[in-house]
2 protein chains.
Amino acid sequence: MEKVTINSVAKHAGVSKKTVSRVLNNEPNVSDATREKVQQAFKELNYRPNPIARGLAHNRSFIIGCLYDNPSKSYITRVQSGALEACQDRNYNLLIHPCELRGEPLIDNIETLVSTSRLDGIVLTPPFSDNKELVDYLKTRNIPYARVAPVTLEDESISIKSNDTQAAYEITNLLLSLGHKEIAFIKGHPDHSATEARFDGYVKALGEQGIAVKSEFVAEGNFSYHSGEDSARQILESTTRPSAVFASNDYMAAAVLKVASQMSLKVPEELSIAGFDNAPIARHIWPGLTTIAQPVEDMTFRAVTLLIDKINAPESDDIEEVFAGKLIERESTAQLIN
Amino acid sequence: MEKVTINSVAKHAGVSKKTVSRVLNNEPNVSDATREKVQQAFKELNYRPNPIARGLAHNRSFIIGCLYDNPSKSYITRVQSGALEACQDRNYNLLIHPCELRGEPLIDNIETLVSTSRLDGIVLTPPFSDNKELVDYLKTRNIPYARVAPVTLEDESISIKSNDTQAAYEITNLLLSLGHKEIAFIKGHPDHSATEARFDGYVKALGEQGIAVKSEFVAEGNFSYHSGEDSARQILESTTRPSAVFASNDYMAAAVLKVASQMSLKVPEELSIAGFDNAPIARHIWPGLTTIAQPVEDMTFRAVTLLIDKINAPESDDIEEVFAGKLIERESTAQLIN
DNA sequence: CTGAAAGCGCTTACAG
DNA sequence: CTGAAAGCGCTTACAG
């Protein structure tokens, strides 16, 4: 295949390459006749602009980086899918960058990423969305970024929030309305600020019913299946066993279900279980998990879209939006039987 | 931040930019003294070569595309993780390209991808690894590619194979050795050639024991959880119920477990279940699934590594390697009780 | 062993 | 409305 460049097109259309460039970028100041002639040439030669050359001239890479450190593969896939869609809409590429928060020095790692890949912008997912050090670094380096689901860190930047506290409040209220009073809670990873947010919702709902939070009913998990197992044992083997467990993600909730099976506790008859996230496993196990569905794809799509807009109009205002989660009732929760 | 380019380095080190370029690319013909001077300048200025400029000059993008259409998110994540590692080792970037085999015209889609992103190479995962049309297109376009887990399509190219037939044979033999004779099978998606390969292993193992394959024990799934559910109902509600079900991936096996629970069939006491892939769900449900672990990350890592080598030495021979799967026994299979 | 020139395919000022 | 020149940051021939 002979290379088709802006020069071939210019020659073919009998205009200068600058004019071709103008048509390419939908700039004004081209006569309709010329524009059509050039577009005709595009078609006839099957011309595709070379993004690398364009990137060099613009000093842009048209690449967005996506930073994550999350144990949930389904979460990551959903994040990617939303980010990818937003990139494709605007002719950007997506670079994925898994990275351990507690691994090698974070800032060094990101510094290398940014300078070797010349990212135009970066989208932060939990737990990075709340990482002050990182956000500060990006700010001083003047690298555009957007945050997905930040919780604790207030920051003037594109922020697409979820309302974890409200969602956890709703799911706890569901359990309360089913007659449960002894409701245990399994916390997530301490590095993720959603952990506290979800716990707050649980505490708030109990508080409104005048129910005290019992420390033996609160276990420290870390969002992993394994931690859910340990937490479930600790909770279910305590002398006063709860009638419901609210695990702050679905993996841990699935682990509670496993432990319950092993202890021959029937779910939901003898134990109600609720999760969070609506991960695939929530509907792939039996009984299916009552949980909160977060619009993860939509949130990431929005974050990346706003990020790209920002890159192209740096003066624009930073936007903060909240996307609500949705309660999904499945078979793992039921009315308390006395 | 002032931009640090090859020119700044050259000025700082008191040499020409060509010499800097030579040091950068580890070319010979530079005196040790000069080389050190330049490297010193790299450090002092904290110089990072601009890959876009390099790409333009080389007519290279240093980007590898990863093509997939797979219902299993965990499979995709594992593929990505292996590919990413290989790319990072060699300073390439990874572009992910989910794509529906039966969606918009495949070749058009890939044509657009290749020409807009200027991929240097592309790694094909199932079901694309066996897609003759696609492989032919890449060949005529002279785009380097590597195939992960191809089965049916013979092709002179980098191919990292798994041995699905052998693995399915082993898992069927395990069930047979546990005393099972009535073993049902759930097939995968007809577009994936692993589907037939796995079925072949099942047929072979039964054949060696003189057991006929009963058509009512073979269900047509498509690798999705939902298809597993339908298949499980069909099989378990038949008049002569099997004592074991071998589903050709773990999602479908998990669905069999769900249906068994709903029918109050105890697993593994009354029904043994085996899966394939060792997806996370295999150990996240209870009882855990007996399955085959494939070294997916290693396979993809190897494929991408060889692909990048090939890009840099187009004359090199194409390599074909086979990676074996490993049988993992968990709680979902047990000795047949009469 | 080292460098000046030209070029990769596009764009941004600047002219007209 | 259109174009000739210079440049993005690097590399590939070609000289010396």
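Remember, it's a predicted structure, so these values are computed and weren't measured experimentally. Within every chain, numbering begins at 1; the chains are lettered A, B, ... in the order of the sequence lines, protein sequences first and strands thereafter.
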(message) Please confirm whether the shortest side-chain N or O distance from A:Thr34 to OP1 or OP2 of D:dT2 is below 4.0 Å.
(response) yes

(request) In whole angstrom, give the distance that lies between atom CZ of A:Phe62 and atom P of C:dC10. (result) 12 Å

(request) Would you mind reading off the distance between B:Arg60 atom CZ and C:dG9 atom P, rounded to a whole angstrom? (result) 15 Å

(request) Begin with the C-alpha distance, continue with both residues' side-chain angles, and end with the deciding distance and a verdict on side chain to side chain donor-acceptor pair (under 3.5 Å) for A:Thr34 and A:Ser31. (result) CA-CA 5 Å; A:Thr34 313; A:Ser31 75; 2.6 Å; yes

(request) Identify, between A:Lys17 and A:Ser31, the residue whose nearest nucleotide on DNA chain D lies closer to the 5' end. (result) A:Ser31

(message) Quick check: B:His192 with B:Phe223 (ring centres under 6.0 Å apart)?
(response) yes

(request) May I have the distance from B:Asn7 (atom CG) to D:dG7 (atom P), rounded to whole angstrom? (result) 11 Å

(request) Kindly point out which of D:dT11, C:dA4, C:dC1 is positioned nearest to the side chain of B:Ser16? (result) C:dA4

(message) Going by purine N1 to pyrimidine N3 plus the second Watson-Crick contact, or the G-U wobble pair, all under 3.5 Å, which nucleotide sits opposite C:dG3?
(response) D:dC14

(request) Please report, rounded to the nearest Å, how far the C1' atom of D:dT12 is from the CG atom of B:Leu24. (result) 15 Å

(request) Ignoring backbone atoms, establish whether B:Ser21 has a side-chain N or O less than 4.0 Å from OP1 or OP2 of D:dT11. (result) yes

(request) To the nearest 0.5 angstrom, please state how far the CG atom of B:Leu84 sits from the CG atom of B:Asn93. (result) 9.0 Å

(message) Please check: side-chain N/O of A:Thr305 versus main-chain N/O of A:Ala86, any donor-acceptor pairing under 3.5 Å?
(response) no

(message) If the cut-off is 4.0 Å, is B:His58 near the phosphate of D:dT12, judged by side-chain N/O to OP1 or OP2?
(response) yes

(message) Can you tell me which nucleotide in D:dG3, C:dG7, C:dT2 comes closest to the side chain of B:Asn29?
(response) C:dT2

(message) Output the rounded distance in Å from CZ (B:Arg22) to P (C:dA4).
(response) 11 Å

(message) Over all strands shown, is A:Pro49 touching base, sugar-phosphate only, or nothing at heavy-atom distances under 4.0 angstrom?
(response) sugar-phosphate

(request) Check every atom of D:dG3, D:dG9, D:dT12 against the side chain of B:Leu56 and return the nucleotide holding the closest atom. (result) D:dG9

(request) Check the distance between C:dT11's P and B:Ile52's CD1 and give it to me in whole angstrom. (result) 14 Å

(request) Could you tell me whether the phosphate oxygens of C:dT2, OP1 or OP2, come under 4.0 Å of any side-chain nitrogen or oxygen in B:Thr19? (result) no

(request) Would you kindly give the NZ-to-P distance between A:Lys18 and C:dT11, to the nearest whole Å? (result) 7 Å

(message) If the cut-off is 4.0 Å, is A:Arg54 near the phosphate of C:dG9, judged by side-chain N/O to OP1 or OP2?
(response) no

(message) Any salt bridge linking A:Lys132 with A:Asp155? Criterion: basic side-chain nitrogen under 4.0 Å from a carboxylate oxygen.
(response) no

(message) Please determine whether a side-chain nitrogen or oxygen atom of B:Thr5 lies at a distance below 4.0 Å from atom OP1 or OP2 of D:dG9.
(response) no

(message) Quick check on DNA chain C: between B:Arg35 and B:Arg118, whose nearest nucleotide comes earlier from the 5' end?
(response) B:Arg35

(message) Nearest whole Å is fine: how far is D:dC8 P from A:Asn59 CG?
(response) 10 Å

(message) Any base atoms under 4.0 Å from A:Asn50, or only sugar-phosphate, or nothing? Heavy atoms, all strands.
(response) sugar-phosphate

(request) Please tell me if the side chains of A:Arg48 and B:Glu111 come closer than 4.5 Å, counting only heavy atoms from C-beta onward. (result) yes

